[in-house]
Every structure is written in C-alpha cells, then in structure tokens.
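Notes follow the structure.
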Amino acid sequence: MRTSNFYLFPLKENPTDAFLASHKLMLRSNMIRQSATGIYTWLPLGLIVLKNIENIIRDLHKDFMIQELLMPTIQSAELWKKSERYSDYGKEMLRISDRNKAELLYGPTNEELITDIVSKDLRSYKDFPKILYHIQWKFRDEVRPRFGVMRCREFLMKDAYSFDTSYENSYLSYCKMFLLYLKIFKKLGINALPFEAETGPIGGTLSHEFILETANGESEIFYDKTINDIEFKNIDFNDNEKVKKLILEYSNYYSKTSEKHKKKFFEKNVKLENRKYSKGIEIGHIFYFGTKYSKKLNSMFLDNNGKSNFIYSGSYGIGVSRLVAAIIESSYDEKGIIWPAEVAPFKIGLINVRVGDNLSTEYSENFYKFFKKKYSIIYEDRDIRLGQKLNIFDLIGLPVQLIIGEKNISNNNIEVKDRKSGKISLISKDQIEDYLKKNYEF
RNA sequence: CGGGGCGUAGCGCAGCCUGGUAGCGCAUCUGCUUUGGGAGCAGAGGGUCGAGUGUUCGAAUCACUCCGCCCCGACCA
C-alpha cells in the first residue's frame, strides 16, 4: 500500500472530547469516527487492526478444533421470552419491531439462539462435545457509553458456546477455553490475567474475567502478583489431565475482581509484598452455565441408556473491538500508538525521505516492490515534508520504519527505526531483510 | 436515570455577559521560496452561528422548547 492511495487523514490536534489515550489516538490516527453516542465507523486503518485481531482469534480457535458459524445481529424476542431474559435484561437491550409489529431485538449476546440451534442437531450423547463460536456485532444500550470503543453500544464480540453431556465434561470445556484465552492474549502481545468474577445477567455458577491491567481501567482487581510466575505451557489441548492440572495451578493464586474480593482472606493468605490492588480492562469473560439455558429452552439429548438429559453449556466472550483500544491503552507513548507486531496495521513503514531525489526514489520504489510481496508494508511516497512522514508513522504505531534518504543510500545504507525504542540503526541495504527477520517476528 | 457542561468553517477555539448581521489558529486551494522531525512568504475559497418559536426596528448574543454531544455518579464484553 502506498500512502498516496491509502485513506488516512490523521489529526494534528487532540480531539477535546476524548479522555482516554486510546480514544484520542484512535481518533487522531483516523481509525474510527463516531456516528452517534457509542456507535462508531471503523475507518480503513482501524478496520485493518480489527481484522488482524479477529484473524488471530480465528486461527487459534481453528487450532483447537472449534468451529465458526455466524448468527444474525437481529433476533426474535420469542426465545428470550422462553429464557425469561426478555424482561431480565432490561433497558440494555435494544428492542425493535418490524412492519408486522413482531418483537425483535438487536442481540446483546447469543445464548438463547445458539442453544436453540444446537438442540435441533445434537440429539445423541455421541454428538458431544461441541464448541461453536462466531464473531458478530452486538448492541447493548449502555447507560453511559464513554471512552470511545472501550465502552460503546455497538461492539464486535467473539462469543463461543460449549455443549457437553455432564458437569465433568462441561467443566473440561471451560478449562480448555480458559487456556485458549490465555494463549490468544499472549499471541496478541498483551498480559491479560484471569480473575474470578460475578456472572451478572449472563448467569451461571462459575465465571472468570480476563483483565488487562492499565491505570485507567474500569475494573478493580485484587491479586497475588506471583501469578505472573506461572509459565504458560503450550500443552496438548486433548490431554485432559494436563489441562486440569494447569487450571489448578492458576486457581492456587489469589486473583479476584472487586465483586468477589475477600479482604480478610486476601490479607491472611497473600504476603504483603505480593498483594496487588489495581485497575484494568475486561477483555474476556467466560461462564459455566450447567443446565441453566437448556432447562429453560428444553434442550435435551439421549444418553447411552436412551434417557433424556439436559445439555450442559458454557459461554466465552472476547471484546474484539474493545481489544483494539485496550492494546493501545497498554502500549503508547507521547508520539502515538506502539502496536505489537501481530496486530499492527502494517508491520513496516517505508519512507522515501525526498521524492525529488532520484537515487532515494529509485531505491524506495525497488524496496517497496520487493518487500510488498512478502511483508505487510506501507510506503510513504508522497511529496510532503520528512517531519510529517515520520510523525504520521510514529502516530499510527508501525513497529519498524525503513528510512531511505540520499545521504545514506549513496553509501548503500538504510536507516531502520524501531518504533518502540526509537533506536535508529544504519543497516547495509543488502542485509535489510536478514536484519528484519532476526529482530522482528515477521 | 440523577447532577454539571457544551453546540460558531474539516479540526481546535474566540465573540454571547453589555443585541447592530461573524473572527483567530490549524487544515484546504494557487503561486514563489524551501526540503533529514508536522516549513516560510503572498494570495484565495469555505458559515442558513445545532433546530424551532418568541422578544426586538434589528438576535450567534436575550427567553422558551426540542435535538445532539461531552463529563461526574449507580450497571457491563
């Protein structure tokens, strides 16, 4: 991609109505634009990042043999009446009616719908276990939307649902999703920790929130900081004993949200120097339901004795659009965003220092043609001042900048600037690719 | 949902108190000069002042109503 073609109109000044750094930076870097309170357009740059995150989540679900489907955004009120959540969910649910006055709603979540879907297909104990997910827009009519896409009304969520034949099996699915989540967040380049949590209107008996610690987060967390010492092992997902063992390891450490926090227990059992009270952003939330939904919706299967039983289920959410903001919130500086390489809109920013110079232009063009075949790259080919070029790439947070200017290229050198450290290295043009491979994971 | 605040050019703001028909910075366009960290000079374009009603000879300015948006508190991916 060339900047001369790319739809990118960064703002020099900070928007006044944004409070969080992530919100300001997303507006300044032209990633999003608000269209109504808590409702946003994802502009090209923002959409690339959103899709990158989606795809990382997709790939890892695929690795775990979890299948994707796509449920609609608009649902009929019928199932929600059966589960009795049509009234319980309250004003957060956006209710709509169609031309025939049928009651519809813009889905805030999909437990009812997915339970109804699978109950038509999963009839024998032999059909289990199954985990399905989709990545779909949700709408929750928040009392007070704020902080950009962090707490908005329309948001993109990955929600997975597990279906099993017993408590034991269902708990195992819960544990596997727990580990999958740790793996996903690690891959996204962020340190999100699991916390015991309340189940809220989603319901159930067991629940964990995955929270990314940040100074401005809305969730309060209490934990034993040595939980970070647990080494996340890439264990075999089908090895049930290893899965349970690793979960047990996590549950040995104190980590609770404020709703679950027990002050006395915390102080008695966790050493003072290890006690951590902090704030963070909830980016994932998992729930064990047991038969809560299957009973309401009458979802049964036949066991090996030919007897009908209720299906055991759980649900597992990741706030995909919120993650974009959360990642920024944990990785930025005074110049702008610093993307982890995995989610960066482009991994490399190529800068031709001066378009008017034949030598640097020739090299820039050649480098671009060569690199674009193999790498995600954006090429700054416009005739604007160098300061602008550098500041824009700093703002949009590309991990590496290749700066090609007449002075250095005449000595066969290219400047390689690392966004995070700001460090600039002069690298011989023939060794650029090796250098990038060695120092960056792409 | 309660409390506070804001709405004037694409963005950021001044003008409002004390009514007289709209201004600044950035951005945009043209020209010249510049060219290694958001350039300089000269010129130009761009507004039914959120909407409606009222008061007045006259309303961005005063009053009322509505709409939109932001912030602070109780809820949530």
Side-chain angles (χ1 to χ4, degrees), chain A residues 9-20 23-24 27-28 30 33-39 57 88-93 107-110 135-160 181 192 197-202 207-212 217-220 257-259 280-287 315-326 335-336 351-357 360 380 382-395 401 403-409 415 417 422 424 426:
Chain A
F9 302 93
L11 269 44
K12 209 192 266 188
E13 292 170 273
N14 258 326
T16 45
D17 48 7
F19 174 74
L20 281 191
H23 189 195
K24 286 179 191 164
L27 289 169
R28 276 192 60 201
N30 211 225
R33 181 159 305 152
Q34 178 164 299
S35 76
T37 302
I39 300 176
I57 293 173
D88 291 355
Y89 222 94
K91 290 188 172 179
E92 291 237 321
M93 188 151 74
T109 177
N110 288 59
I135 298 176
Q136 178 65 290
W137 293 92
K138 307 286 188 291
F139 194 95
R140 293 184 190 170
D141 200 357
E142 288 279 340
V143 180
R144 186 153 91 84
R146 64 192 116 159
F147 304 147
V149 298
M150 193 75 87
R151 174 162 303 288
C152 52
R153 296 194 293 174
E154 189 185 49
F155 59 97
L156 189 62
M157 181 162 113
K158 187 286 311 188
D159 39 329
Y181 273 31
E198 281 296 334
T199 55
I202 310 283
S207 174
H208 284 87
E209 285 182 25
F210 290 81
I211 293 174
L212 174 65
E218 294 186 276
S219 303
E220 285 184 289
T257 59
S258 55
E259 296 83 23
I281 302 163
E282 179 188 0
I283 50 179
H285 201 158
I286 61 177
F287 304 88
S315 87
Y316 315 89
I318 291 178
V320 180
S321 48
R322 174 183 282 182
L323 258 172
V324 178
K335 285 183 170 295
I351 291 177
N352 179 10
V353 170
R354 210 148 77 79
V355 171
D357 180 74
S360 69
E380 178 53 87
R382 293 175 298 175
D383 188 11
I384 56 175
R385 300 185 74 83
L386 179 66
Q388 287 190 45
K389 301 180 188 191
L390 293 164
N391 281 320
I392 291 168
F393 278 179
D394 283 347
L395 174 67
Q401 292 167 20
I403 303 164
I404 299 183
E406 52 198 311
K407 290 175 195 165
N408 290 314
I409 202 67
E415 277 172 68
K417 189 176 107 185
I424 294 174
L426 263 190

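Note: hydrogens, waters and symmetry copies are ignored here, and every other heavy atom, side chains too, is used. Labels below follow one simple rule: chain letters A, B, ... track the order of the sequence lines, proteins then strands, and each chain is numbered from 1.
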Tell me if the side-chain of A/E13 makes a donor-acceptor pair with the base of B/G25, cut-off 3.5 Å, by modelled atom types.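 By the distance-only test, yes, there is a pair.
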Taking atom types as they are modelled, is there a donor-acceptor pair under 3.5 Å from the base of B/G36 to the side chain of A/K389?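 For A/K389, whose side chain was compared with the base of B/G36, there is no donor-acceptor pair (under 3.5 Å).
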State, without any angle test, whether A/N408 and A/E415 hold a side-chain donor-acceptor pair at a distance under 3.5 Å.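 Checked: A/N408/A/E415 side chains pair up, N/O donor to acceptor below 3.5 Å.
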For A/Q401 and A/D394, test the side chains for any donor-to-acceptor distance below 3.5 angstrom and give the result as yes or no.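 The criterion, which ignores hydrogens and geometry beyond distance, is satisfied for A/D394 and A/Q401.
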For [N], does OP1 or OP2 lie under 4.0 Å from any side-chain N or O of [X]?
X: A/S219; N: B/C76; result: no
X: A/Q34; N: B/C70; result: yes
X: A/K12; N: B/C11; result: no
X: A/R385; N: B/G36; result: no

Which value, in whole Å, describes the distance between the [atom1] atoms of nucleotides [N] and [M]?
N: B/G50; M: B/A59; atom1: P; answer: 15 Å
N: B/A14; M: B/A9; atom1: C1'; answer: 14 Å
N: B/A22; M: B/U61; atom1: P; answer: 14 Å
N: B/U28; M: B/G3; atom1: P; answer: 44 Å
N: B/G38; M: B/C11; atom1: C1'; answer: 15 Å
N: B/G10; M: B/G47; atom1: P; answer: 8 Å
N: B/G68; M: B/G31; atom1: P; answer: 45 Å
N: B/U56; M: B/C62; atom1: C1'; answer: 10 Å

What nucleic acid atoms does [X] come within less than 4.0 Å of, heavy atoms only: base, sugar-phosphate, or nothing?
X: A/D394; answer: base
X: A/E406; answer: base
X: A/N408; answer: base

Residue closer to the 5' end of RNA chain B, A/P15 versus A/M157 (nearest nucleotide):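 Mapping each residue to its closest nucleotide by heavy atoms, the 5'-most match is A/P15.
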Go nucleotide by nucleotide along RNA chain B from the 5' end; which of A/T16 and A/Q401 gets its closest nucleotide reached first?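 Whichever sits nearer the 5' end wins; that is A/T16.
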Quick check: do A/E282 and A/F210 have side-chain heavy atoms less than 4.5 Å from each other?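 No - every pair of side-chain heavy atoms lies 4.5 Å or more apart.
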Might you confirm whether atom CZ of A/R33 has over 12 heavy atoms from other residues, nucleotides or ligands at distances under 6.0 Å?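 No, the 6.0 Å shell around CZ holds no more than 12 heavy atoms from other groups.
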Check this for me, if you would: do A/E142 and A/R144 make a salt bridge, where the nitrogen-to-carboxylate-oxygen distance has to be below 4.0 angstrom?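 Looking at A/R144 together with A/E142, the answer is no, because their closest N to O distance does not fall below 4.0 Å.
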